[in-house]
There are 2 protein chains.
Amino acid sequence: MRQNPERRAALLDAAIEVLAAQGARGLTFRAVDQQAGVPVGTASNYFASRDALLVQAGERVFTKLDPNAAPAPADLPRTREGVDRAMRAMVERITAYPSGYLAVLELRLESTRRPQLREVLTGQVRGHFQKDLDLHREAGMPGDEQAMTLLYLALAGLIVERLTLPGFIGPDAVDPLVTALVDRIVPAE
Amino acid sequence: MRQNPERRAALLDAAIEVLAAQGARGLTFRAVDQQAGVPVGTASNYFASRDALLVQAGERVFTKLDPNAAPAPADLPRTREGVDRAMRAMVERITAYPSGYLAVLELRLESTRRPQLREVLTGQVRGHFQKDLDLHREAGMPGDEQAMTLLYLALAGLIVERLTLPGFIGPDAVDPLVTALVDRIVPAE
DNA sequence: ACTGTACCACTACACATGAAGTGGTGCCAA
DNA sequence: TTGGCACCACTTCATGTGTAGTGGTACAGT
């Protein structure tokens with residue numbers, strides 16, 4: 001088993017791209033090798049099995065999607081308007097990097113068949129959501145936990161819609177929908 | 001090309017199960033044959049190509065998911081409470097038939113790579129949503145189009161969450177979330 | 001009642017694709 | 001010089017598509 005961490009990370013990033021482009025079933029050692037531009041057999045040397053590759057890709061994609069997730073809270077007003085701006089930024093950020101979220105969706109579906117992967121994903125989602133919740137509360141933003149859960153679900157739905165059938169909800173409809181959502185979900189201050 | 005309509009329908013139903021169980025990439029003629037319990041080669045005789053199979057499965061799954069979609073409006077109060085009941089029933093109905101919605105999710109992701117499939121799915125989603133909208137309005141239920149769109153997105157998000165990572169949002173949390181959602185989205189009467 | 005036709009279920013096969021795993025070679029650094 | 005790593009060649013295997021072909025059956029024309 002090879003150890004080089006940069007190379008391993010590069011392979012995982014390639015795996016994420018493959019997931020988005022070809023689906024979970026298309027995630028093979030060779031496809032990863034090709035995407036990463038390394039010789040055939042490399043991925044096979046870094047991951048014991050396809051399962052391991054899948055799980056590690058699942059771990060990585062969240063660390064790539066989320067860390068920048070909290071760029072805002074600091075200089076944002078602690079009002080509904082502030083929440084609105086944060087949410088719009090989040091939707092913008094995620095839809096601007098489709099591969100990442102599409103890979104997550106593929107992994108979610110694949111986790112239907114792989115208990116181990118499901119464990120990992122559930123832990124990741126729970127953890128990141130909890131962190132966002134804590135940040136939100138510590139920043140003194142309006143909206144209780146239930147409100148944030150509802151926002152999370154609706155935005156997730158919106159993002160899925162935008163990424164998979166962009167013709168249904170057009171690009172111009174996004175911001176108004178997010179604003180309307182926040183207006184209705186987050187209590188007036 | 002074979003014509004027997006019952007057999008074709010049975011093959012498409014089998015295709016939906018395969019989609020849910022094995023993903024879009026697992027949808028092969030042979031897998032469909034096996035799932036439907038018919039001899040190898042049958043599906044190949046009924047569909048000109050894998051593409052055609054995918055598209056026709058995409059058409060069918062919506063007709064199977066939706067028609068029962070409007071069992072309620074008649075005897076439901078034209079109030080927020082009525083909307084709440086309708087929405088809870090809908091979530092219940094969809095999560096009770098996981099294969100159907102999981103197949104839709106697989107198709108959505110696959111449509112990322114297949115323009116023709118994307119066209120079909122976009123049309124189906126748009127059409128069914130519009131129909132629901134019309135029924136809702138004609139029944140005199142509270143909530144304008146934007147409110148219904150927000151409800152749709154949030155419930156879609158909730159369903160995805162329930163079907164793919166059931167450990168994150170537990171089964172007992174569903175009804176309260178739906179009720180809270182409707183309370184916040186649909187204006188008080 | 002007989003025969004021919006059309007359709008269909010089922011079978012078999014030819015061809016292609018793509019992947020996994022293994023073993024080996026050369027290189028570089030400790 | 002020894003160990004770890006990148007790279008490569010080759011074998012083996014599994015799976016799927018598309019199509020051709022076979023036998024059976026229902027139906028219609030005569």
Side-chain angles (χ1 to χ4, degrees), chain A residues 1-58 60 103 106-107 109-110 112-114 116-117, chain B residues 1-58 60 103 106-107 109-117:
Chain A
M1 187 74 19
R2 304 294 135 88
Q3 299 305 336
N4 186 337
E6 290 89 16
R7 208 168 170 91
R8 175 175 297 266
L11 287 172
L12 285 176
D13 289 347
I16 291 170
E17 295 303 317
V18 172
L19 275 174
Q22 314 209 43
R25 199 111 165 189
L27 186 73
T28 66
F29 287 141
R30 290 182 137 68
V32 172
D33 291 336
Q34 191 175 355
Q35 173 71 33
V38 300
V40 174
T42 304
S44 179
N45 285 335
Y46 273 83
F47 304 94
S49 67
R50 221 176 128 264
D51 248 76
L53 176 58
L54 225 25
V55 168
Q56 292 183 41
R60 177 157 177 91
E106 292 284 358
L107 287 170
L109 286 171
E110 186 66 14
T112 288
R113 301 146 217 155
R114 288 175 199 271
Q116 195 188 351
L117 180 59
Chain B
M1 186 77 19
R2 301 295 134 88
Q3 300 303 336
N4 186 336
E6 289 91 16
R7 209 169 168 89
R8 176 176 296 266
L11 287 171
L12 286 176
D13 288 347
I16 291 170
E17 294 304 316
V18 171
L19 275 173
Q22 314 210 44
R25 197 109 166 191
L27 185 74
T28 66
F29 286 141
R30 287 175 140 69
V32 172
D33 291 335
Q34 191 173 356
Q35 172 72 32
V38 298
V40 175
T42 304
S44 179
N45 284 333
Y46 273 83
F47 304 95
S49 67
R50 219 176 129 267
D51 249 76
L53 175 58
L54 226 23
V55 168
Q56 291 184 40
R60 177 159 178 89
E106 292 284 359
L107 287 170
L109 285 172
E110 187 65 16
S111 79
T112 290
R113 302 147 216 152
R114 289 175 200 272
Q116 195 190 350
L117 180 59

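In this text, all values refer to a predicted model and were calculated from it rather than measured experimentally. Protein chains get the first letters and strands the later ones, always in sequence-line order, with residue 1 at the start of each.
Distances were taken from every side-chain heavy atom of B:S44 (C-beta onward) to each of D:dT19, D:dC5, D:dC7; the shortest belongs to D:dT19. Nearest nucleotide to the side chain of B:S49, out of D:dG18, C:dC10, C:dA20: D:dG18. Closest contact between the side chain of A:N45 and the listed nucleotides D:dC5, D:dC7, C:dT11 involves D:dC7.
Between A:R30 and the phosphate of C:dT17, there is no side-chain N or O to OP1/OP2 separation shorter than 4.0 Å. For the pair A:Y46 and D:dC5, the criterion of a side-chain N or O lying under 4.0 Å from OP1 or OP2 is not met. A close approach under 4.0 Å does not occur between any side-chain nitrogen or oxygen of A:R8 and OP1 or OP2 of D:dC5.
When all heavy atoms are compared, the tightest approach of A:V32 to A:A14 is O-CB, 3.9 Å.
Residue contacts shown for B:N4 are limited to sugar-phosphate atoms, with no base heavy atom under 4.0 Å away. The residue A:V40 sits close to a base: some heavy atom pair falls under 4.0 Å. Among the atoms of the strands shown, only primed sugar atoms or phosphate atoms (P, OP1, OP2) are found under 4.0 Å from some heavy atom of B:T28.
Protein atom CZ of A:R50 is 14 Å distant from nucleotide atom C1' of D:dA14, rounded to whole Å. Atoms CZ (B:R25) and C1' (C:dT17) sit 11 Å apart, rounded to a whole Å. One interatomic measurement links the two molecules: CZ of A:R2 to P of D:dG4, which rounds to 10 Å at whole-angstrom precision. Rounded to an integer number of Å, the gap from B:Q22 CD to D:dT15 P is 11 Å.
With A:R114 contributing its side chain and A:D51 its backbone, the two residues share no donor-acceptor pair below 3.5 Å. Without hydrogens or angle criteria, A:D33 side chain to A:A43 main chain gives a donor-acceptor distance under 3.5 Å.
Salt-bridge annotation for A:R25 and B:E110: absent, with no side-chain N of the basic residue lying under 4.0 Å from a carboxylate O of the acidic one.
The residue among A:T42 and B:A31 whose nearest nucleotide of DNA chain D lies closer to the 5′ end is A:T42.
A cation-pi arrangement is not found for B:R2 relative to B:F47, the charged atom failing to lie both closer than 6.0 Å to the ring centre and inside a 45° cone about the ring normal.
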